[in-house]
Participant: 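Let me give you the structure first, and then I'll get to my questions.
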Amino acid sequence: MPELPEVETVLRGLRARVLARRVAAVEVRNPLVIHGGSGEFAAGVTGRRIEALERKGKALAIELGPRNHEAGPEDAAGCFLVVRLGMTGQLVVVPSDAALQPHTHVRLVLEDGREEIRFRDTRRFGRLRCCTRDELEGILGRLGPDAPQISEEQFLDAARGRRGSIKGWLLNQQILSGLGNIYADEALFEARIHPLTQPGRLSAEAARRLHRAVKKILKRAVELQGTSFRDYIDIEGRPGNFLPRLRVYQRTGEPCRRCGRPIRRVVVCGRSSHFCPECQRRPRHAASPSPGGWRKRDRIPQGPLA
DNA sequence: GCAAGCCTGACC
DNA sequence: GGTCAGGCTTGC
């Protein structure tokens, strides 16, 4: 699943392979993955040079230069290609004559015509979008600080007074951006915090521990080029190497690597949360899996609570 | 049936 | 405004 370390790996790969190259042609094979009209998308991207690549959270922004200074104002201004990989999205750089893999939705043919960037996405949760600088600022502005950049003070301030679960809080991209289900579970284990703990009721010490844990886990995962649980590969088609380092994610029933107790699973905010019931004790004031009392549409959470 | 990012909308 | 359920999607 592409979270921050996987997107960072893709970003670094693209910087090495496609920076300063021009997009000669665009083929949208499935308009569903394009935010907005696919015709406008193709027209907006074609003929521009890749000037820079940046990332915030899980969002990838590719800066495209002016097409032609002598043409109209639209061509003279640059634009940005924003990529969200969603759950199973992949960006790969391949020779143009490479066989087309299933679920290839977009092709960006590079200038010499011998190589291209392909966007593949089995689940089709990913999106590509062509936008102006103002629009990009709006998109990125809705995201909280990039998780590796957030200061301890910002982190503690953001948690203050928050109800609900710390797990849901970590997944909220408006608070801090980049964490998904894998690294949220791993960071909570590292910090020894139960996923149903309320952010606002964390001790300052626990909140600092979590802040350090988030950074530590992400740093290590970036160094190991991410986690390939099922679909994730980098732009060269290589899997990440963090999988053997996972201590709780998708290890339900397996022994905790710290204490040996079986890892448990609880559903929080509709997401599986994996934790060690010994190392991550449930606080007395844990968030309810269904805050605000039981309503008609409430479901019994799956799996026993700690 | 479950996985999961992200958007929308409902609820308090 | 905070918070969470629902729905999208398809392979296992």
Side-chain angles (χ1 to χ4, degrees), chain A residues 1-8 10 29-36 55-60 82-91 101-105 119-129 138-144 146-147 157-186 195-201 226-233 243 246 248-253 265-274 285-303:
Chain A
M1 262 56 75
E3 303 179 32
L4 186 148
E6 292 77 27
V7 178
E8 178 68 23
V10 167
R29 301 170 52 81
N30 186 341
L32 197 127
V33 303
I34 305 297
H35 181 107
R55 177 193 61 71
K56 185 174 184 188
K58 306 173 199 173
L60 190 61
V82 178
V83 182
R84 287 175 185 274
L85 294 173
M87 183 180 173
T88 57
Q90 304 173 346
L91 283 176
Q101 299 287 106
H103 311 294
T104 301
H105 303 310
F119 176 70
R120 295 187 61 213
D121 190 2
T122 311
R123 297 287 187 277
R124 289 191 272 160
F125 281 10
R127 290 291 180 271
L128 269 59
R129 171 175 186 176
I139 293 164
L140 301 185
R142 271 171 249 130
L143 296 173
D146 194 46
D157 280 351
R160 199 156 289 134
R162 290 291 189 141
R163 306 166 88 80
S165 64
I166 190 67
K167 176 65 183 288
W169 187 83
L170 286 175
L171 293 178
N172 184 344
Q173 304 295 301
Q174 296 180 7
I175 292 166
L176 75 169
S177 57
L179 287 178
N181 215 25
I182 297 177
Y183 301 115
D185 279 4
E186 294 298 314
L196 284 172
T197 308
Q198 295 190 41
R201 304 191 75 152
T227 304
S228 293
F229 204 82
R230 188 170 289 161
D231 300 274
Y232 169 73
I233 52 171
L243 191 68
L246 295 180
V248 287
Y249 181 75
Q250 287 289 346
R251 294 191 65 241
T252 309
R265 173 182 172 271
V266 63
V267 175
V268 183
C269 293
R271 294 287 171 265
S272 296
S273 288
H274 312 82
H285 44 70
S288 161
S290 299
W294 295 95
R295 294 189 293 267
K296 264 188 240 164
R297 57 190 163 91
D298 284 341
R299 288 179 312 167
I300 303 297
Q302 298 175 27

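Sequence lines set the chain letters: A, B, ... in the order given, protein chains first and strands last, and positions in each chain run from 1.
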Participant: Rounded to the nearest angstrom, tell me the gap between atom CG in A/D231 and atom P in B/dC2.
Facilitator: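 The distance from CG of A/D231 to P of B/dC2 comes to 19 Å, rounded to the nearest Å.
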
Participant: How do A/Q250 and A/L85 order along DNA chain B: which one's closest nucleotide is nearer the 5' end?
Facilitator: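 It is A/Q250, whose closest nucleotide lies nearer the 5' terminus.
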
Participant: In terms of the nearest nucleotide of DNA chain C, which residue is placed more toward the 5' end: A/R271 or A/G161?
Facilitator: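 Result: A/G161.
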
Participant: Reckon A/R123 has a side-chain N or O less than 4.0 Å from the OP1 or OP2 of C/dC8?
Facilitator: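 Answer no for this pair, as no side-chain N or O of A/R123 is under 4.0 Å from OP1 or OP2.
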
Participant: Starting at atom CZ of A/F229, determine the distance to atom P of B/dG5, rounded to an integer number of angstrom.
Facilitator: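 Taking atom P of B/dG5 as the reference, CZ of A/F229 is at 13 Å.
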
Participant: When all nucleic acid strands are considered with a 4.0 Å heavy-atom cut-off, which category describes A/S272: base, sugar-phosphate, or nothing?
Facilitator: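 Counting heavy atoms under 4.0 Å across all strands, the contact made by A/S272 is with sugar-phosphate only.
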
Participant: Under 3.5 Å, is there a donor-acceptor pair linking the side chains of A/R163 and A/Q198?
Facilitator: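 Note: A/R163 and A/Q198 side chains miss the donor-acceptor criterion.
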
Participant: Looking at A/Q173 and A/L171, would you say the former's side chain and the latter's main chain have a donor-acceptor pair under 3.5 Å?
Facilitator: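 Side chain of A/Q173 to backbone of A/L171, a donor-acceptor pair under 3.5 Å: yes, one is there.
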
Participant: Tell me the interatomic distance from A/Q173, atom CD, to B/dC6, atom C1', rounded to whole angstroms.
Facilitator: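 Value for this atom pair: 9 Å.
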
Participant: Using only heavy-atom distances, decide whether a donor-acceptor pair under 3.5 angstrom links the side-chain of A/R127 to the base of B/dG5.
Facilitator: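 No, no donor-acceptor pair under 3.5 Å.
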
Participant: Which nucleotide in the list B/dA3, B/dC7, B/dG5 gets nearest to the side chain of A/R84?
Facilitator: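 Closest nucleotide to the A/R84 side chain: B/dC7.
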
Participant: Counting side-chain heavy atoms from CB outward, which of C/dC4, B/dC2, B/dG5 is closest to A/N181?
Facilitator: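 Looking only at side-chain atoms, A/N181 lies closest to B/dG5.
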
Participant: I'd like to check the side chain to side chain contact (heavy atoms under 4.5 Å, CB included) partners of A/T88; sequence neighbours left out, ordered by chain and number.
Facilitator: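 Applying side chain to side chain contact (heavy atoms under 4.5 Å, CB included) to A/T88 gives A/D121, A/T122, A/R123, A/D231.
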
Participant: If you only use heavy atoms from C-beta on, which nucleotide in C/dC4, B/dC6, C/dT3 is closest to the side chain of A/C269?
Facilitator: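 Comparing C/dC4, B/dC6, C/dT3 against the side chain of A/C269, the answer is C/dC4.
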
Participant: Would you indicate what A/S165 reaches in the nucleic acid, counting non-hydrogen atoms under 4.0 angstrom: base, sugar-phosphate, or nothing?
Facilitator: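 It contacts sugar-phosphate atoms only.
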
Participant: Between A/R163 (CZ) and B/dC11 (P), how many Å, whole number?
Facilitator: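 So the CZ-P distance, A/R163 to B/dC11, works out to 20 Å.
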
Participant: Where the side chain of A/R162 is defined as all heavy atoms beyond and including C-beta, which of B/dG5, C/dG2, B/dA3 is the nearest nucleotide?
Facilitator: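 Of B/dG5, C/dG2, B/dA3, C/dG2 is nearest to the side chain of A/R162.
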
Participant: Tell me: CD1 of A/I175 to P of C/dG1, nearest whole Å?
Facilitator: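 One finds 14 Å between P of C/dG1 and CD1 of A/I175, rounded.
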
Participant: Rounded to whole angstroms, how far apart are CG on A/N30 and C1' on C/dT9?
Facilitator: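 Those two atoms, CG and C1', are 11 Å apart.
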
Participant: Is there a donor-acceptor contact under 3.5 Å from the side chain of A/R55 to the main chain of A/G57?
Facilitator: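 Such a contact is found between A/R55 side chain and A/G57 backbone.
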
Participant: Output the single nucleotide from C/dG11, B/dC6, B/dC2 whose closest atom is nearest the side chain of A/H103.
Facilitator: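 So the side chain of A/H103 is nearest to C/dG11.
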
Participant: Between A/K58 and A/E3, does at least one N-O distance fall below 4.0 Å, as a salt bridge requires?
Facilitator: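 Result for this pair is no, no salt bridge flagged.
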
Participant: CG of A/D185 versus P of B/dA3: gap in Å, rounded?
Facilitator: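 Computing the A/D185:CG to B/dA3:P distance gives 11 Å.
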
Participant: Atom CG of A/L171 to atom C1' of B/dA3: distance rounded to whole Å?
Facilitator: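 Distance check: A/L171 CG to B/dA3 C1' gives 14 Å.
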
Participant: Judged by each residue's nearest nucleotide on DNA chain C, which is more toward the 5′ side, A/W169 or A/L32?
Facilitator: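 Its nucleotide being nearer the 5' end, the pick is A/W169.
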
Participant: Is there aromatic stacking of A/F125 against C/dC8, centre distance under 5.5 Å, plane angle under 30°?
Facilitator: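 Stacked: centres under 5.5 Å apart, planes under 30°.
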
Participant: For A/I34, give me all partners under side chain to side chain contact (heavy atoms under 4.5 Å, CB included), at least two apart in sequence or on another chain.
Facilitator: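 Counting only residues at least two positions away or on another chain, A/I34 forms a side chain to side chain contact (heavy atoms under 4.5 Å, CB included) with A/V28, A/S38, A/F41, A/V106, A/L128.
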
